[in-house]
Each structure stands twice: as structure tokens, then as C-alpha cells.
Asker: 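Below is one structure. I have some questions about it.
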Amino acid sequence: MDMDKYDSVIELAKRRGYLWNSFEIYGGTAGFYDYGPLGAMLKRRVENIWRDIFVINEGYYEIEVPTIGIEDVFVASGHVGGFSDPLTECQKCHESFRADHLVEDVASNPDTLSSDELTAIIKDNNIRCPECEGGLGAVYEFNLMFSTKIGPGSKRVGYLRPETAQGMFVDFPRLLRFYREKLPFGVTQIGKAYRNEISPRQGVIRLREFTQAEAEIFVDPRDKSHPGFASIKEYAVLLYSDPAQSSGQDSVEISLGEAVEQGIIAHQFLAYAVALTHQFLLRVGVSPDRMRFRQHMKDEMAHYAVDCWDAEILSDRFGWVEIVGIADRTDYDLNAHSRVSKTDLSVYVEYAEPRVVERTVVKPNMGKIGPAFKGQAKAVIDALNSMDAKNLSGDAIIVNVGGEEVTLSPDMFEVQQLTETINGENIVPHVIEPSFGIDRIIYAVLEHAFREEDVEGEDEGRIVMGLKSEVAPIQAAVLPLLTRDELKGPAREIESALKQKGVMAAYDDSGTIGRRYRRNDEIGTPYSITVDYDTLEDGTVTIRDRESMKQVRSPVDTIADTVHALVHGHTRFEDAGTPIA
RNA sequence: GCGCCGAUAGUGUAGUGGUUAUCACCGUGGCUUGCCAAGCCAUGAACUCGGGUUCGAAUCCCGAUCGGCGCACCA
């Protein structure tokens, strides 16, 4: 039997309670996965590290909005129109085609036509299957969004959100006020998103329901420098730029300071997001030498985007897989929502120095114009206002009102020279968006942590989930060396001491000590605490390190603090006790 | 969605148109066990689903579902 690494990882994940196919007792459904007890714990820990970085340290507060969105939101975002394609299927060979592409030669505006219209055009023009000349079926819309109805008997359409981002754009006015109307500011959301994929495959890599962690950072379009850029200037990452891809070159390791300077990365804010992403992925356990940042090629980038970088991880079976997208989405989303909702989504930005502007204005004298033109007065004023005041002197003016020339005598208006002080202007911010596919990241963490290795002096090797202790679901196993009451008691006490410290501990006395070590290696438990007869005499226990299989002897009365410090990286294993030969 | 291939205990598997479906690991209870998947006893657990052919189907046929690969689609 040949299992590749993907098979091995998925097999272990299934067996040990990390990942399960959903709805298994009913035969399962493609594109849905359950997180088992250990998987859910791992995912939560990964999400919390993300929160630590983006929410706590960067100050991009987290919000939570409904996973169902109303139609307007996705009309504005373009998902209603752009996320769906009119398809028609050949009745003979059952190949599917884009109906709007097939009618291009006979219809002038194919993308504006409805399914029924497209069906009619195909019929009237006798358009056949391009592959086999077979007849084509009725055109139907395939939209990747799941739709639903809001309210009983209602015709109001709702969609399960295809990304978490839109909720944050929609809340922009509230957020702006929350952040006291100053750029830049950021907001985040971790939550489910849904896409009705045509044929999801590759396990957890492509799901119909998945978890995204997204940040939307609203910045001044004229200033995309980042206040913290100096701190990451020397930070080096592996970049695979558009030019490198086009010319068949390899990715290069380069400092982010240099990357921005050389124009490889468009600006500091993107580079800063790259650094944060890199730090996050390292911290959750993605292998640094199986990670790179790939720039989107010009033609794969959304038309409005300035620059876009994907964090990719190298997987054994699928090659490089995108797990994070970092994009400058410009003002596209805010403008779109502003247009559809008819709401101003701009920020008033004060100038560093107020600007003094000379301006000529014309002020109508209503006391004269009103009686003179009566019902027409409003149109006259509009016409007057539309004129360039600079060209006016004190003479009579002739304006055009509804094709009729009207003369305004000098006493009907006044031309004034004004000196105005302008303190700022309204701008629509640009959006920097790092978007994380949490499920893919979980897979990357599992695959990169997984290893099979030989053990010195033994026939049988071991399987190790080398998870970082910060993400490991079970952080410490507590094991009585032998299944005897006098050892079980103290072990139980250690277990509860650890739990009180917030360390996820699991007591285990089944089988032999060796078996328990191996079982914990496989689920990724970083430390095992073993109670033996010396514990009863001298008050020490054994701490075993998963990675090295080495052991130290450590006092039992401080064991909870010691293990807590180990798990959170405050103590090195060698310093946790006295080594055992 | 199309094409090819596959589906047997929790996991990995053997096998067959006809008795009680193989093996290993695994789980559980017990004995044993002084630090890396030891041993012993007992015990638990499967032919993906639906239809057809047949005296008889887990085995053959058809369909569905799920999974893998290729094509198409894809943030």
C-alpha cells in the first residue's frame, strides 16, 4: 500500500479526532468537514494566535456580522453579477459552456441578457455545441453563492456570504466613528463563509463552508506608508514576484525594506501585512522553508487591485497552495457600496496646514429675481450657479433657461471675491486586505508537523505530530508510570493543578508507558509528566519532551508553573529540571 | 459537471456466487508491567446505499453517494 503524505496526514487526522468528513453516517457530502475534538481545539488556538497578532497587537478590533447577507450587499460587491455564470449544457456530450460566450457573435451585449433571452437567442440562431454539434439545453444561472429566503413567504432573497469582507465594508460609517474619524484604522472578522463549489476536492483545501480570518485596513490613498515599517525593514521573506514568474526565475529571499525600495512590493502597508502574515504562519507552525509569497500576475489580479500577494505553502501532494491573500483593493468596495446604498463612505481628512483659497462667487438677489421671474426663478438661479463666476463682471448677464435667453440686470446679483480657509477634504480610503483561509492553514500546520522517524535502538519507529506547543490541543499528558493506585492519586492531583493553571492536560493510565508516549507523540502533545515511586519519596516527576524524547526531573510542587512556562515558551526544556541520563 | 479508477470493523487490509467474512493494529475490562507501541486472558467492531440478475449477491450488472486522478471551474 502506498500512502503519500496527504493520505497519512488525513488518516491520522481522522483516526485521532482532528478532521472528519461531515454527515458520515448519511454517506457524507463533498466539500464539508467536521473538526473533531482535537481539530476544533487546534483551530481555536490558531485563531487565537491570529487574534493576538491582528486584534491585540495591531489594534484591529474584531467585529461579527451575520453570515447571511441581503441581496443589495452582494449586488454592490459584484457577487450577484460576477460570481455567477450563465451555463448551457450540450444534450449530447453533456459538456457545459458559458452561454454568454456562445452568443457573442450574434448578440451585442451578451452579459446583460437574462437566461431566458440567452436560451431564445441560442434557439433562434441554431447555435450548436462547439465540441460535438449537439443541441444545447436551456440556459441557467450558476451562482457560487448559496441563496435563501428571508422571512416567511417572502420574496426577499438572502445569500450566505461568500467572504467575510463585505460585512466590514458595510459597517464602514459606524467603524469610522468608532475610530474617531482618523485614518488609518483596521477591523477584523473571523467567521464562516460559503461557496457552492461545482466540484470541491482535495479535502479541506477546497470547502463549501470554510473559515476566513480577514482584516480590512482603511488607509489614506495618498499615504500608504506604515508607521511601524521601520521595525520590519530588515525582516526577510521569500518573494516570488510577477517578473520572476514571467521570466521563469526562482523566488528570492529579500528584506521587506528592500522589496519596497525596489518597487517589488507596491508600498509599505502591503509589506507590513506580509511581515505580519509571515510571523503568524511561523508561530502556528508552518515550515519556513515550505512557505513563500507569490505576487499575482497582472492578468490574474482583480481589475481594481493595485498589488496582490499570496502566502503559499508547499504541500506534498498539491504543490504550492494559496493559504493567505494580501491585496490592496483600493477604494473599489467602498465606492461600490456608496453607489448602491446612496451613502457617503468618505472620510474628512484635515490638511496639515489649512489652505487659503481665493474664490469668486455670484450671489443672487432673491428679492429681485423672485418677483421678476416667478415660477421660473428656480431655473434661473440654477443657470446662474452653473456659470463660472470668474468670467462675470458687474454687467448684465444673459443666461439660458430651457432654451430661452433671459437677461439678468446688475441689481439682481452680486459678484463677490471670497477668501476661504479650507481645512481638509473628503476622501474615500483605500483598503488593504489580508485574508486568511483558516482551514487551509490548519491543513498546512498538520502536514508540516507530521513526520515518521526511526527511533534509536528500536525496530518500530514513531509517528510524530510536531505541533508547536502553543497550538497543540493537549498540552501535557499526565501519566502514572504503572497503573497502581498509589501512583494514580498523585497523577490526578497534577492533572488538576495543570488545569487550574489553564494548561490543557490529559490523564492517561491505559496500557504501558511506552504506548502512552507514542500515542501522545501522534496527537502532538508536547510534554508528558510521569509519576513514579521516586515521586512519592523525593517529590519530583519526569517531564518528557516530545521532540527530543529526552527527560528531566522536576519538583512536583512547582510542576504546573513549570509546564505552563514550557508550553508558552518562557522556559527552555533543558532548564525545566535535572536531566536524566 | 464530464471521463477513468476505487469503496470490507475505529484504522490499514485479505478474501469468496453458497457454513460462523481473514489478519494486524485499535478500543474496553482484568492480570502483568520500574520510562519509550512488551506479554497473557476476556471482550467489542465491517462487506457504502438503492435497484436488478439468481434457488442464493458482500461478490455479477445498473444507478446513486463518497473518495482519488485527468479535464472544466476555482478566492
Asker: Within the structure provided, determine whether A:Met465 and A:Phe450 are in side-chain contact (heavy-atom separation under 4.5 Å).
Answerer: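 When only atoms from C-beta onward are counted, A:Phe450 and A:Met465 do touch, with a gap below 4.5 Å.
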
Asker: Taking the six-membered ring where the residue is Trp, are the ring centres of A:Tyr443 and A:Tyr33 under 6.0 Å apart?
Answerer: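 Not close enough - the centres of the two rings lie 6.0 Å or further apart.
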
Asker: Could you check which nucleotide pairs with B:C47 in any of the strands shown, counting Watson-Crick or G-U wobble with both distances under 3.5 Å?
Answerer: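 Across any shown strand, B:C47 pairs with none.
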
Asker: Can you tell me how far C1' of B:G34 sits from CZ of A:Arg553, to the nearest Å?
Answerer: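 Atom CZ in A:Arg553 sits about 11 Å away from atom C1' in B:G34.
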
Asker: Check every strand shown and say whether A:Tyr6 touches a base, only sugar-phosphate, or nothing at a heavy-atom separation below 4.0 Å.
Answerer: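 Sugar-phosphate: the residue A:Tyr6, judged by heavy atoms under 4.0 Å, touches backbone atoms but no base.
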
Asker: Pairing donors with acceptors under 3.5 angstrom, does anything connect the side chains of A:Glu58 and A:Tyr272?
Answerer: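 Yes, a side-chain donor-acceptor pair sits under 3.5 Å.
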
Asker: Compute whether any side-chain donor of one residue and acceptor of the other, for A:Arg519 and A:Ser510, lie under 3.5 angstrom apart.
Answerer: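 Checked: A:Arg519/A:Ser510 side chains pair up, N/O donor to acceptor below 3.5 Å.
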
Asker: Please figure out whether A:Gln212 or A:Tyr33 has its closest RNA chain B nucleotide nearer the 5' end.
Answerer: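 By nearest-heavy-atom nucleotide position, the 5'-most residue is A:Tyr33.
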
Asker: Let me know, please, whether A:Arg317 or A:Asp534 comes out on the 5' side of the other along RNA chain B by nearest nucleotide.
Answerer: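 The residue whose closest nucleotide sits nearer the 5' end is A:Asp534.
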
Asker: Whether the side chain of A:Asp521 and the base of B:C36 hold a donor-acceptor pair under 3.5 Å is what I'd like checked.
Answerer: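 There is none.
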
Asker: Starting at atom CD of A:Glu24, determine the distance to atom P of B:G67, rounded to an integer number of angstrom.
Answerer: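 Distance, rounded to whole Å: 10 Å.
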
Asker: Please report the distance separating the C1' of B:A72 from the corresponding atom of B:G56, rounded so that it comes out in whole Å.
Answerer: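 One C1' to the other, the span is 45 Å.
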
Asker: When the C1' atoms of B:A21 and B:C5 are considered, how many whole Å apart are they?
Answerer: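 Going atom to atom, C1' in each nucleotide, I get 25 Å.
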
Asker: Does a side-chain N or O from A:Arg201 land closer than 4.0 Å to OP1 or OP2 of B:G70, or not?
Answerer: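 Negative; the distance criterion is not met.
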
Asker: Atom CG of A:Asp310 and atom P of B:C74: how far apart are they, to the nearest Å?
Answerer: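 Interatomic distance, CG of A:Asp310 to P of B:C74: 15 Å.
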
Asker: Using atom C1' in both nucleotides, what's the gap between B:G63 and B:C55 to the nearest angstrom?
Answerer: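 Nearest-Å result for B:G63 against B:C55 at atom C1': 26 Å.
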
Asker: Looking at every strand, decide which applies to A:Gly203 at a 4.0 Å heavy-atom threshold: base, sugar-phosphate, or nothing.
Answerer: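 Result for A:Gly203 = sugar-phosphate.
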
Asker: With respect to the side chain of A:Phe318, which nucleotide from B:U11, B:A37, B:C69 is positioned closest?
Answerer: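 Taking heavy atoms from C-beta onward, the closest nucleotide is B:C69.
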
Asker: If you define the side chain from C-beta out and look only at heavy atoms, does anything of A:Ile265 sit under 4.5 Å from A:Phe293?
Answerer: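 They are not in contact (no side-chain heavy atoms under 4.5 Å apart), so the answer is no.
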
Asker: Once you apply a heavy-atom cut-off of 4.0 Å, does A:Arg546 come out as touching a base, just sugar-phosphate, or nothing?
Answerer: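 Nothing: the residue A:Arg546, judged by heavy atoms under 4.0 Å, touches no strand.
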
Asker: Indicate, yes or no, whether a donor-acceptor pair under 3.5 Å links the base of B:C73 to the side chain of A:Ser199.
Answerer: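 By the distance-only test, no, there is no pair.
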
Asker: Centre of A:Trp320's six-membered ring, under 6.0 Å away, within 45 degrees of the axis: is that where NZ or CZ of A:Arg294 sits?
Answerer: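 The answer is no; the distance or angle limit is not met.
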
Asker: Of all the choices, B:G12, B:G34, B:C36, which nucleotide is nearest to the side chain of A:Arg544 once you look at every atom?
Answerer: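 When the side chain of A:Arg544 is considered, B:C36 is the closest of B:G12, B:G34, B:C36.
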
Asker: Using a cutoff of under 3.5 Å, can you pull out all pairs of nitrogen or oxygen atoms linking the protein to nucleotides 26-31 of chain B, with atom names and distances?
Answerer:
{"residue": "B:C26", "atom": "OP1", "partner": "A:Arg515", "partner atom": "NH1", "Å": "2.1"}
{"residue": "B:G27", "atom": "OP1", "partner": "A:Arg519", "partner atom": "NH1", "Å": "2.4"}

Asker: Quantified in whole Å, what is the P atom distance between nucleotide B:G30 and nucleotide B:G15?
Answerer: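 Nearest-Å result for B:G30 against B:G15 at atom P: 38 Å.
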
Asker: If only atom types and distance count, is the side chain of A:Asp72 paired as donor or acceptor with the main-chain N or O of A:Val75 below 3.5 Å?
Answerer: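 A pair under 3.5 Å: no.
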
Asker: Of A:Arg546, A:Arg544, A:Arg516, A:Arg451, which meets side chain to side chain donor-acceptor pair (under 3.5 Å) against A:Asp521?
Answerer: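 With A:Asp521 as partner, A:Arg546, A:Arg544, A:Arg516, A:Arg451 yield a single side chain to side chain donor-acceptor pair (under 3.5 Å), made by A:Arg544.
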
Asker: State the pairing partner of B:A9; accept Watson-Crick or G-U wobble contacts with both distances under 3.5 Å, and report none otherwise.
Answerer: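 Result: none.
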
Asker: Report the distance from atom CD of A:Glu522 to atom P of B:G10, rounded to the nearest whole Å.
Answerer: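 Whole-Å distance recorded here is 18 Å.
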
Asker: Any donor-acceptor pair, under 3.5 Å, between the side chain of A:Arg195 and the base of B:A75, if you only look at N and O atoms?
Answerer: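 In this structure, the two groups form a donor-acceptor pair.
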
Asker: Please list each protein N or O that sits under 3.5 Å from an N or O in nucleotides 64-66 of chain B, with the distance.
Answerer:
{"residue": "B:U65", "atom": "O2'", "partner": "A:Gly27", "partner atom": "O", "Å": "3.3"}
{"residue": "B:C66", "atom": "OP1", "partner": "A:Ala30", "partner atom": "N", "Å": "3.3"}
{"residue": "B:C66", "atom": "O4'", "partner": "A:Gly27", "partner atom": "O", "Å": "3.3"}

Asker: Under the 3.5 angstrom rule, does the side chain of A:Asp439 hit a backbone N or O of A:Thr211 as a donor-acceptor pair?
Answerer: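 Judged by distance alone, yes, a pair lies under 3.5 Å.
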
Asker: Can you tell me how far C1' of B:A37 sits from CG of A:Leu479, to the nearest Å?
Answerer: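 Interatomic distance, CG of A:Leu479 to C1' of B:A37: 14 Å.
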
Asker: Considering only atom P, compute the distance from B:A58 to B:G51 and round it to an integer number of Å.
Answerer: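 That atom pair is separated by 11 Å.
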
Asker: Please check if the side chain of A:Tyr18 supplies one atom and the backbone of A:Ile523 the other of a donor-acceptor pair under 3.5 Å.
Answerer: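 Yes, because the side chain of A:Tyr18 sits within donor-acceptor range (under 3.5 Å) of the backbone of A:Ile523.
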
Asker: Would you check if there is a donor-acceptor pair between the side chains of A:Glu214 and A:Ser435 at a distance under 3.5 Å?
Answerer: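 The criterion, which ignores hydrogens and geometry beyond distance, is satisfied for A:Glu214 and A:Ser435.
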
Asker: For B:C40, which nucleotide in any strand shown is its Watson-Crick or wobble partner with both distances under 3.5 Å?
Answerer: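 For B:C40, the partner nucleotide comes out as B:G30, under the 3.5 Å rule.
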
Asker: Grab the CD1-P distance between A:Ile313 and B:A75 for me, whole Å please.
Answerer: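 From A:Ile313 CD1 to B:A75 P: 18 Å.
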
Asker: Could you give the distance separating B:C4 and B:A57 at their C1' atoms, to the nearest angstrom?
Answerer: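 That atom pair is separated by 26 Å.
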
Asker: Given the P atoms of B:C71 and B:G50, what is the spacing between them in whole Å?
Answerer: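 35 Å, rounded to whole Å.
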
Asker: Under 4.0 Å, counting only non-hydrogen atoms across every strand here, what does A:Glu433 touch: a base, just sugar-phosphate, or nothing?
Answerer: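 The answer is nothing, as A:Glu433 stays clear of every strand by at least 4.0 Å.
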
Asker: Whole Å only: how far is the CG atom of A:Leu207 from the P atom of B:C74?
Answerer: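 After rounding, the gap between these two atoms is 18 Å.
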
Asker: Using both distances under 3.5 Å as the test, list the Watson-Crick or G-U wobble partner of B:G56, or none.
Answerer: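 Paired with no nucleotide.
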
Asker: Taking a pair as Watson-Crick or G-U wobble with both distances under 3.5 Å, which nucleotide is matched to B:G70?
Answerer: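 Its partner is B:C2 (Watson-Crick or G-U wobble, both distances under 3.5 Å).
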
Asker: Quick one: is the NZ or CZ of A:Arg195 closer than 6.0 Å to the six-membered ring centre of A:Phe210, and within 45° of its axis?
Answerer: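 The answer is no, since A:Arg195 fails at least one limit relative to A:Phe210.
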
Asker: Using the C1' atom in both, what is the distance from B:G67 to B:C49, to the nearest Å?
Answerer: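 Between the two C1' atoms, the distance is 15 Å.
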
Asker: Would you say A:Thr512 reaches B:A38's phosphate, i.e. side-chain N/O to OP1/OP2 under 4.0 Å?
Answerer: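 For B:A38, OP1 or OP2 has a side-chain N or O of A:Thr512 closer than 4.0 Å.
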
Asker: For A:Glu197 and B:G1, give me the distance from atom CD to atom P, rounded to whole Å.
Answerer: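 Result: 13 Å.
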
Asker: With a 6.0 Å cut-off on ring centres, are A:Phe54 and A:Phe280 close enough?
Answerer: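 Judged by ring-centre distance (under 6.0 Å), A:Phe54 and A:Phe280 do not meet the cut-off.
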
Asker: For a quick check of understanding: with a heavy-atom distance under 4.0 Å over all strands, which category does A:Leu481 fall into, base, sugar-phosphate or nothing?
Answerer: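 Here A:Leu481 touches the bases of the nucleic acid.
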
